[in-house]
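Below is one structure, written out as structure tokens; the observations come after it.
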Amino acid sequence: MTLLSTSPASGARFRLLTGYLILVFMLVLTSWVPVSRADEDFAEYYSQVYQIRVISPQAGSKSSIGSGFQVSQDGLIITNFHVIASYVHAPERHKIEYQSHTGQKGSLKLLDFDVVNDLALLRHSNPSEKTLRLSDTALLKGQTVYALGNPRDYGTSLVKGPNNGLVEHSYDAQILFSASLNPGMSGGPALNSSGEVVGVNVATAGSQLSFLVPVVKAKALVAADREVLQQDYQAEIARQIKVWQRSRVQELLDSEWPTEEFAGKPLFGEIRKDFQCWGYTNDDEEARKVADASKSCRAGNTLYLNHDLNAGELYFSFAHSRSLTLSPTQFATTIRPWMSANNDSNFTHSTNYQCHVDFLQQTQVENRFQRATVCVRAYKKMAGLYDSLLLLEQVENKQKWVAHLSVSALEKDQIQQINRKFLEHVQ
Amino acid sequence: MRTLIVLVNDKSGERMERVTLKKTKPSVIGRAWHSDVIVQDKFVEADHLSIQLSDEGLLEITDLNSTNGSTIAGKPVTGSAVYRFGEVIRIGDTNLQIYDAADGVAPAAIRSSWFLLIDRFKSLPAIFALTLVALMLHLGSSWLFANEPVLVNDVVTIIITALVVLVAWTLLMSFASKLLRGEGNMRAFWVLGCLVLGLLEIATLLLALVRFNLQRVELGGLLSTLTYCAIAVLLLVGALTFATHMQRRSKWVFSILLVLTIVGLFRSDEWLKPEHEKWTAQTQTENVTLPPAFLWRAPVSLSKFETDAEKIFDFELEQN
């Protein structure tokens with residue numbers, strides 16, 4: 001999923017998708033004609049979309065752009081959190097500015113944000129008379145949605161497409177919107193046919209696959225009516241993550257994990273609707289030394305915190321290998337128990353991993369060992385949150401099972417609990 | 001009457017001559033057949049030097065008007081000069097040293113244990129057996145830790161490679177030894193090579209066992225480094241013993257310093273890196289894995305594992 005703000009760093013991160021995006025862009029140009037009919041009806045709304053820019057005064061230029069819209073007479077503006085993320089992480093080195101439809105520029109003040117739903121609330125220094133209304137009526141599947149925004153700084157554009165309901169495989173509600181949202185349209189309003197805001201543009205996953213944040217989340221942010229102080233930004237992000245993870249992971253701890261067989265063992269797979277699993281074998285490889293099968297499952301939601309930091313991954317995988325031609329010692333040398341983080345981070349945000357390794361007792365099986373490795377790293381600026389990696393290797397002379405769990409941005413007690421539940425299930 | 005020993009070092013090599021000084025006439029050193037000490041050197045006169053005891057009992061050396069002259073301890077001799085035992089006399093391309101036969105010689109040097117060790121492998125069968133054992137150990141270790149099946153052609157390659165390395169080592173070191181010590185010691189270097197190869201393979205196996213059972217990557221890494229350094233020091237001291245005349249202590253000091261320098265240079269990058277370059281998204285745990293039969297430490301219960309793992313949550317974070 002690609003977030004829709006434009007910044008050089010995120011551009012590099014999603015390099016895989018760039019070729020794709022150019023293709024998508026061409027599609028937008030060819031499908032322009034049918035959209036133009038709506039132009040007349042929606043002409044008045046064009047002027048209500050602001051371009052939101054994060055400026056780094058040192059470089060004297062914008063470092064990321066997105067879109068936003070005003071929702072109250074006193075100048076409250078909504079955009080995505082990821083549009084202004086670089087400001088939140090270094091407020092002393094950035095400013096937020098808007099550019100209106102007429103080219104008028106001014107500064108914006110960050111009031112509040114919601115990292116889980118990727119929303120931010122800003123205040124306009126020079127509010128406009130006209131505001132967009134946040135819709136109270138539920139959006140029905142199949143209803144047409146009109147999304148506005150400024151793709152790639154080319155100018156405010158309207159994109160029309162059907163609402164396809166909520167995204168499956170997502171823990172938090174997101175609307176699946178079949179139209180082409182492009183970088184720069186992030187934070188722009190998505191309107192229903194009566195011109196009320198039903199969602200906020202947030203991300204794309206390629207051709208005609210776009211996502212909107214449901215408007216209720218924006219309403220909640222406006223209703224909270226808070227102002228987060230600059231020095232509390234990091235603590236506030238940490239607090240929101242903790243609240244989100246508390247219930248998201250607790251549910252997993254409390255629920256039954258339906259048994260799914262993997263390589264002759266009763267394991268599990270899509271343990272909740274937001275998990276998706278993929279499988280792999282090397283059956284097709286000629287002259288293979290080891291027969292491998294693996295399965296990996298991942299929860300659909302992660303949090304974008306900055307261009308070099310995301311968090312909230314829940315991921316687990318199982319692998320089974322059987323030696324075809326290798327002797328026991330040779331097979332053992334193929335076992336390299338290192339793990340790597342599943343979320344992006346770096347020296348600024350995270351410590352190195354600290355690990356504990358030991359061999360676990362087991363019942364019955366002779367000639368087999370169980371090695372467990374557990375590693376955590378701390379978030380430097382968000383006290384009490386950790387990324388954790390867990391590995392259980394069950395090794396016999398000619399075969400091994402490996403179970404791996406990777407969770408990101410959790411508190412200590414939840415890491416310990418989910419690690420225990422995972423170990424109990426895979427032993 | 002006094003007997004002197006003259007140590008002659010000319011192009012034919014080093015030799016010693018006994019000269020008995022007569023009161024009546026001086027002894028002569030030169031190229032002539034009638035000389036008391038005959039020197040083979042075309043830059044030396046037929047009668048070059050004369051040696052005589054003065055009335056005071058001092059040894060007096062006289063240059064007999066030679067074309068190329070003579071020096072004693074670097075100083076040219078004009079006419080006669082008093083000689084002190086042990087000083088180097090140079091005539092032409094030849095060095096001479098004169099000692100008093102009445103002085104005793106130093107006791108015989110004790111042959112170092114390195115030579116005694118090598119002497120255990122004097123006969124051809126012994127050398128052959130040692131080579132075979134070393135090659136078998138190497139082959140065994142290569143087979144154990146291979147990452148793909150070892151076939152007959154691989155076995156041949158492994159053995160040939162090891163032999164080529166041994167031969168190259170022996171020839172190279174013999175050459176150096178001939179230059180530095182004056183003797184080739186080829187057998188010594190071959191035996192030393194085989195011994196160290198065997199030691200290396202045994203150490204590798206033991207280290208794998210210890211590291212697998214220890215599961216502490218820093219400690220395991222340190223153990224490996226120390227072991228391999230110790231083997232390198234042994235190899236170096238052995239090589240210096242056979243190739244030079246260095247003193248026992250200086251051999252050890254030199255070898256240890258050399259190994260420490262090399263390890264230091266290779267590790268310095270890791271030590272001197274700033275903190276942010278040491279950051280990695282990967283975990284660092286012991287990589288060595290062996291089959292279940294080699295696990296000798298007692299496994300723990302899940303709850304013990306969890307209690308022990310508590311400590312990984314302690315981070316030293318800068319408070320800001």
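Naming convention: chains lettered A, B, ... in sequence-line order (proteins, then strands); numbering from 1 in each chain.
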Q) When the ring centroid of B:Phe242 is compared with that of B:Phe115, is the distance short of 6.0 Å? A) yes
Q: Please look at A:Thr351 and chain B and tell me whether the side chain, the backbone, both or neither of the residue comes under 4.5 angstrom of a heavy atom of that chain.
A: both
Q: Decide if the gap between the ring center of A:Phe268 and the ring center of A:Phe422 is smaller than 6.0 angstrom.
A: yes
Q. Have B:Thr131 and B:Trp190 got a donor and an acceptor in their side chains that come within less than 3.5 Å?
A. yes
Q | Part of B:Thr285 within contact of chain A (heavy atom distance under 4.5 Å) | A | side chain
Q: Could you tell me which portion of B:Lys311 (side chain, backbone, both or neither) has an atom closer than 4.5 angstrom to a non-hydrogen atom of chain A?
A: both
(Q) Centroid separation under 6.0 Å, is that true for the rings of B:Trp279 and A:Phe347? (A) no
Q | Top of B:Arg216, B:Glu275, B:Gln284 for chain A proximity - count of heavy-atom pairs under 4.5 angstrom | A | B:Glu275
Q.
Which atoms of A:Ile415 are under 4.5 Å from chain B, going by heavy atoms: the side chain, the backbone, both sets, or neither?
A. side chain
Q: Indicate whether any N or O donor in one side chain lies under 3.5 Å from an N or O acceptor in the other, for A:Asn342 and A:Ser406.
A: yes
(Q) Please identify, among A:Thr333, A:Leu389, A:Asn346, A:Asn343, the residue contributing the most non-hydrogen atom pairs under 4.5 Å to chain B. (A) A:Asn346
Q) Heavy-atom distance under 4.5 Å to chain A: side chain of B:Glu306, backbone, both or neither? A) side chain
Q. Do A:Arg420 and A:Gln417 get their side chains close enough for a donor-acceptor pair, meaning under 3.5 Å?
A. no
Q.
Please identify, among A:Ala383, A:Ser388, A:Pro337, the residue contributing the most non-hydrogen atom pairs under 4.5 Å to chain B.
A. A:Pro337
**Q.** Side-chain H-bond candidate by donor/acceptor type, A:Gln394 with A:Gln427, under 3.5 Å
**A.** no
**Q.** Contact origin within B:Leu295 toward chain A - heavy atom pairs under 4.5 Å
**A.** side chain
Q: Determine the option with the most heavy-atom pairs under 4.5 angstrom with chain B, choosing from A:Arg371, A:Gln370, A:Gln330.
A: A:Gln330
Q. Contact part of A:Arg368 toward chain B, heavy-atom cut-off under 4.5 Å: side chain, backbone, both or neither?
A. backbone
Q.
Counting heavy-atom pairs closer than 4.5 Å to chain A, which one of B:Ala281, B:Ala298, B:Ala309, B:Ala293 comes out on top?
A. B:Ala281
Q: Flag the one option from A:Leu360, A:Thr325, A:Ile335, A:Val357 with the top tally of heavy-atom pairs under 4.5 Å to chain B.
A: A:Leu360
Q. Less than 6.0 Å separating the ring centroids of B:Phe315 and A:Tyr379?
A. no
Q: Pick one of side chain, backbone, both or neither for B:Val288, based on which atoms fall under 4.5 Å of a heavy atom in chain A.
A: backbone
Q. Under 3.5 Å, is there a donor-acceptor pair linking the side chains of A:Glu396 and A:Gln399?
A. yes
Q.
Measuring only between side-chain heavy atoms, which start at C-beta, is A:Met339 closer than 4.5 Å to A:Cys355?
A. no
**Q.** Top contributor to chain B interface from A:Lys400, A:Lys412, A:Glu393, A:Gln416 [non-hydrogen pairs under 4.5 Å]
**A.** A:Lys412
Q. At a heavy-atom separation under 4.5 Å, does B:Phe294 approach chain A through its side chain, its backbone, both, or neither?
A. side chain
